[in-house]
Amino acid sequence: MSFEQFNLDARLMAGIKAAGFVNPTPIQKQAIPVVLNGQDVMGLAQTGTGKTAAFMLPILQRLIQGQLRQTRALIIAPTRELAEQINQATRDLARKTKIRSAAIYGGVNKGPQIKALRSGTEIIVATPGRLLDLTGDGHVDYSHIEVFVLDEADRLFDMGFLPDIKRIISKLPRERQTLFFS
């Protein structure tokens, strides 16, 4: 099986090639078609098996076909290191598109994050605490979210983020695709 079988946009195929991906991994083979079909997914796989691309490629495919400069995908990660890693993978895969992503996490100045949100980013990759902080300050618009992802969902819950996750979910549109990966 090759990535061509997913019928992804040529700009995404260029990102796949630039990232050095040759053939999809088992989690990608199983998850990508289901996510492309708009279904909710719970994916479990070892670290290093391509989980990020398994959810990000279908998200990017979806976002290419629609309104830009409004947040349409929200990915929650337990740590700033993982949020930054997901954000970088997103930028690599979306390099030939106009889709923008922003990493939102604590421990750094809010200014650049607020600027990214104001300028219009299609994808937010965030840790729960900083996301809720910026939400409280009125900087996050959840009204256009089409896809919600919890990455390392088990770790988020183990770290005590369940109350924050519930608060975030309460702000999301009811009609959305939800993806849990761990």
Rounding to 0.5 Å, atoms CE (Met159) and OG1 (Thr127) come to a distance of 9.0 Å
- Whether Gln177 side chain and Gln39 backbone form a donor-acceptor pair below 3.5 Å: yes
NZ (Lys51) and OG (Ser182) are apart, to the nearest 0.5 Å, by 7.5 Å
Smallest heavy-atom separation, Ala73 atom then Ile59 atom, equals CB-CG2, 3.8 Å
Original post:
Under a 4.5 Å cut-off applied to non-hydrogen side-chain atoms, are Arg155 and Thr79 in contact?
Top reply: yes
d(Ser2 OG, Lys29 NZ) to nearest 0.5 Å is 10.0 Å
Here the gap from Ile145 atom CD1 to Ile124 atom CD1, rounded to the nearest 0.5 Å, amounts to 6.0 Å
ask   = Is it true that a side-chain atom of Asp9 and a backbone atom of Arg11 form a donor plus acceptor pair closer than 3.5 Å?
value = yes
Practice prompt. Kindly say whether Ala116 contributes a backbone atom to a donor-acceptor pair with the side chain of Thr121 at under 3.5 angstrom?
Written response: no
So if you build clusters from Ile, Leu, Val, Met, Phe, Trp, Tyr with side-chain heavy-atom gaps below 4.5 Å, do Leu82 and Leu44 land together? no
Apply side chain to side chain contact (heavy atoms under 4.5 Å, CB included) to Ile123 and Met56, showing your working. CA-CA 10 Å; Ile123 301 170; Met56 191 53 66; 3.9 Å; yes
Exercise. Using a cut-off of 6.0 Å, state whether more than 12 heavy atoms not belonging to Lys110 lie near its atom NZ.
Key: yes
CG of Asp133 to CG of Asp164, rounded to nearest 0.5 Å, is 11.0 Å
Report yes if some heavy atom in the side chain of Val149 is under 4.5 Å from a heavy atom in the side chain of Ile86; otherwise report no.
no
Is there a side-chain contact between Phe6 and Leu12 (heavy atoms, below 4.5 Å)? no
Using a cut-off of 6.0 Å, state whether more than 12 heavy atoms not belonging to Glu175 lie near its atom CD. no
Smallest heavy-atom separation, Asn87 atom then Ser101 atom, equals OD1-OG, 2.5 Å
May I ask whether Leu150 and Val34 are part of the same hydrophobic cluster, defined by side-chain heavy atoms of I, L, V, M, F, W, Y residues being less than 4.5 angstrom apart, directly or through others? no
- prompt: Do the side chains of Val147 and Leu179 get nearer than 4.5 Å, heavy atoms only?
  reply: yes
Subject >> Gln113 side-chain N/O to Tyr105 backbone N/O, donor-acceptor pair under 3.5 Å >> reply: yes
### Message
Count I, L, V, M, F, W, Y as connected when their side-chain heavy atoms are under 4.5 Å apart, and connections chain through other members. Are Tyr142 and Leu63 then in the same cluster?
### Response
no
* Asked: Between the side chain of Arg130 and the main-chain N/O of Val108, is any donor-acceptor distance below 3.5 Å?
  -> yes
Notebook entry, point to check: Just by distance, do the side chain of Arg100 and the backbone of Gly120 share a donor-acceptor pair under 3.5 Å?
Noted result: yes
| said: With a 3.5 Å distance limit and no angle check, can you tell me whether Gln28 reaches the backbone of Gly50 through a side-chain donor-acceptor pair? | reply: yes
For Arg80, the salt bridge (charged side-chain N to carboxylate O under 4.0 Å, His left out) test, sequence neighbours excluded, returns none
inquiry  = Taking Ile76 as the starting point, is it possible to reach Val125 by hopping between hydrophobic residues whose side chains are less than 4.5 Å apart?
reply    = no
Open item on the list: When you compare the side chain of Leu117 with that of Ile104, does any pair of heavy atoms fall below 4.5 Å?
Closed with: yes
Audit row: Phe181, Thr52, side chain to side chain contact (heavy atoms under 4.5 Å, CB included) steps and yes/no | CA-CA 9 Å; Phe181 279 82; Thr52 300; over 6 Å; no
Report yes if the side chains of Ile168 and Pro128 come closer than 4.5 Å at any heavy-atom pair, otherwise no.
yes
Would you say Asp137's side chain and His139's backbone share a donor-acceptor pair under 3.5 angstrom? no
Side chain to side chain contact (heavy atoms under 4.5 Å, CB included), that's the test. Do Thr71 and Val140 meet it? Break it down for me. CA-CA 9 Å; Thr71 303; Val140 183; over 6 Å; no
Practice problem: Could you tell me whether the side chain of Thr178 and the main chain of Phe148 form a donor-acceptor pair under 3.5 Å? | Solution: no
| query | Got Arg69 and Glu122 here, is their nearest side-chain heavy-atom distance under 4.5 Å? | reply | yes
Shortest non-hydrogen pair, His144 vs Asp141, comes out as CD2-OD2, 3.8 Å
The reported gap from CG in Leu131 to CD1 in Ile165 (rounded to nearest 0.5 angstrom) is 9.0 Å
Discussion item. Using modelled atom types and a 3.5 Å cut-off, is there a donor and acceptor pairing between side-chain atoms of Arg176 and backbone atoms of Pro173?
Written reply: yes
| said: With a 4.5 Å cut-off on side-chain heavy-atom distances among I, L, V, M, F, W and Y, is there a chain of contacts connecting Met42 to Phe55? | reply: no
| said: Students often mix this up, so state it plainly: with edges at 30° and 60°, are the rings of Phe180 and Phe157 parallel, tilted or perpendicular? | reply: perpendicular
- Query: Is there side-chain contact between Leu8 and Leu36, with at least one heavy-atom pair below 4.5 Å?
  - Reply: yes
Minimal heavy-atom distance between Leu93 and Leu60, with the atoms involved, is CB-CD1, 3.7 Å
**Prompt:** Would you call Glu146-Arg72 a salt bridge at under 4.0 Å N-O?
**Reply:** yes
For Asn23 and Phe3 the tightest heavy-atom approach is C-CE1, 3.5 Å
Minimal heavy-atom distance between Leu68 and Lys98, with the atoms involved, is CD1-CB, 3.9 Å
